[in-house]
Protein chains: 2
Amino acid sequence: MDKQQILSKNQQIIFDIIEKAKEPIKAYSILFNVQKKGIKAPLQVYRALDKLVEIGKIHKIESRNSFVACKNSNCQISKATAFSICESCEEVSEISDNKLSKYLESFQNKAGMKFKKYNLEFFGLCKKCSVK
Amino acid sequence: MDKQQILSKNQQIIFDIIEKAKEPIKAYSILFNVQKKGIKAPLQVYRALDKLVEIGKIHKIESRNSFVACKNSNCQISKATAFSICESCEEVSEISDNKLSKYLESFQNKAGMKFKKYNLEFFGLCKKCSVK
DNA sequence: TACATAATGTTATAATATAACATTAATTAA
DNA sequence: TTAATTAATGTTATATTATAACATTATGTA
Ligand SMILES: [Zn+2]
Ligand SMILES: [Zn+2]
Ligand SMILES: [Zn+2]
Ligand SMILES: [Zn+2]
């Protein structure tokens, strides 16, 4: 429940950038943004990203290779994530829907595999783009 | 409903390899496999992959950057896909579950965005790996 | 045939991500 | 409070994934 976590220097710098960004942001765009702060190598960015994903402060949008800050207090440490993605303007929102997450968390496939995690990405046109 | 489609030479070669593979296969692994058949450049592979995804003969496993043949006659032209992924052995299966797809196809988020497509990836341990 | 569209071939390069190894900082436990 | 352990950082090089740009050939259609 409690996501509180002390971030290291690089983790904090990189998290701040992702949180301030209004749209998903890519690793090398983050790298470009933090070079003035002394983070010079891709690996420094990727390590911070890995950790931030692990502790659920950010999520990776897999279909876009980009990252967003978590907007959802109950996506249990990044184990259950759902997003809507506009295929026109690329706007991404994290979906917070209790019924949906309950449904997916309890989903059992025929092979009886027990799931620990899921990621769901919906694609379509956002309201703005669908009137154009 | 009818996925029948005549494939071009490169598309057929690449589809055959993906279909024969028992596990998800990556673009450059496909490239390696088809070099003896005269397909020499990444772009030739990626173009065939794009087309095969578009017509629903294969799907991309986004979290793995790999491709599998569709095993499911009713995942309407790749618009609605769900997979289970074992985090230990990386086995991937396409989930075919009518209730799940009905549920997700009719899902409406709060922003009222109309979805045309979704992709869902479940992660866990397959039966084999969970007894280890 | 002629026109349009789809697919192919080719070279170069962009974008995304990790390996390997050395060093420093923070945490834990004797 | 020091030693041991673990987490984070720094750095260089390289691996992996994907697309741009342009020329050519094949296929479908009027
Ligand atoms: Zn979240
Ligand atoms: Zn939009
Ligand atoms: Zn399918
Ligand atoms: Zn397994």
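Below, each value reflects all heavy atoms present in this structure, side chains not excepted, and no hydrogens, waters or symmetry copies. Sequence lines set the chain letters: A, B, ... in the order given, protein chains first and strands last, and positions in each chain run from 1.
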Residue pair A:Leu120, A:Leu100: steps toward the side-chain contact (heavy atoms from CB on, under 4.5 Å) verdict: CA-CA 10 Å; A:Leu120 172 57; A:Leu100 177 66; 4.2 Å; yes

Check the pair A:Phe67 / A:Ile14 against side-chain contact (heavy atoms from CB on, under 4.5 Å), numbers first and verdict last. CA-CA 11 Å; A:Phe67 299 85; A:Ile14 285 164; over 6 Å; no

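If B:Lys40 and B:Lys51 are placed on DNA chain C by their nearest nucleotide, the residue sitting closer to the 5' end is B:Lys51.
Out of D:dT12, D:dT9, C:dT10, the shortest distance to the side chain of B:Ala41 is found at C:dT10. Which of C:dT8, C:dT18, C:dA17 sits closest to the side chain of B:Arg47 comes down to C:dT8. Among D:dA18, C:dC21, C:dG9, the nucleotide with an atom closest to any side-chain atom of B:Pro42 is D:dA18.
A:Leu43 places its CG atom 13 Å from the C1' atom of D:dA15, with the value rounded to the nearest Å. Distance CD (A:Gln12) to C1' (D:dA8): 15 Å, rounded to an integer number of Å. Distance, A:Glu62 CD to C:dT16 C1': 12 Å, rounded to whole Å. For B:Leu31 and C:dT10, the CG to C1' distance is 13 Å, given to the nearest whole Å. When the C1' atom of C:dT16 is taken as reference, atom CG of A:Leu49 falls 12 Å away, rounded to whole Å. Between the CG atom of A:Leu7 and the C1' atom of D:dT9 there is a distance of 15 Å, rounded to whole Å. Protein atom CZ of B:Phe67 is 9 Å distant from nucleotide atom C1' of D:dT17, rounded to whole Å. Distance NZ (B:Lys37) to P (C:dG9): 14 Å, rounded to an integer number of Å.
One finds a side-chain N or O of B:Lys60 lying less than 4.0 angstrom from the OP1 or OP2 phosphate oxygen of D:dA18. Applying the 4.0 Å criterion to OP1 and OP2 of D:dT9, one finds that A:Ser8 has a side-chain N or O inside that range. OP1 or OP2 of C:dG9 sits under 4.0 Å from a side-chain N or O of B:Gln44. Taking side-chain N and O atoms only, B:Lys26 has a distance below 4.0 Å to OP1 or OP2 of D:dT17. Residue A:Lys9 has a polar side-chain atom (N or O) positioned under 4.0 Å from OP1 or OP2 of D:dG10. Not one side-chain nitrogen or oxygen of B:Asn65 sits closer than 4.0 Å to the OP1 or OP2 atom of C:dA17. Dashed line: the shortest gap from a side-chain N or O of B:Tyr46 to OP1 or OP2 of D:dA18 is under 4.0 Å.
No donor-acceptor distance shorter than 3.5 angstrom exists from the side chain of B:Gln44 to the backbone of B:Ile39, with no hydrogens or angles considered. No donor-acceptor pair under 3.5 Å is formed between the side chain of B:Lys116 and the backbone N or O of A:Leu125. Remark: side-chain polar atoms of B:Lys26 are paired, donor with acceptor, to backbone N or O of B:Arg64 under 3.5 angstrom.
With rounding to the nearest 0.5 angstrom, the CD atom of B:Glu121 is 7.5 Å from the OG1 atom of B:Thr81.
Residue-level contact check: B:Ile39 touches neither bases nor backbone, having no heavy atom under 4.0 Å from any strand.
The aromatic ring of B:Tyr28 is stacked on the base of D:dT17, with the two ring centres less than 5.5 Å apart and the planes inclined by under 30°.
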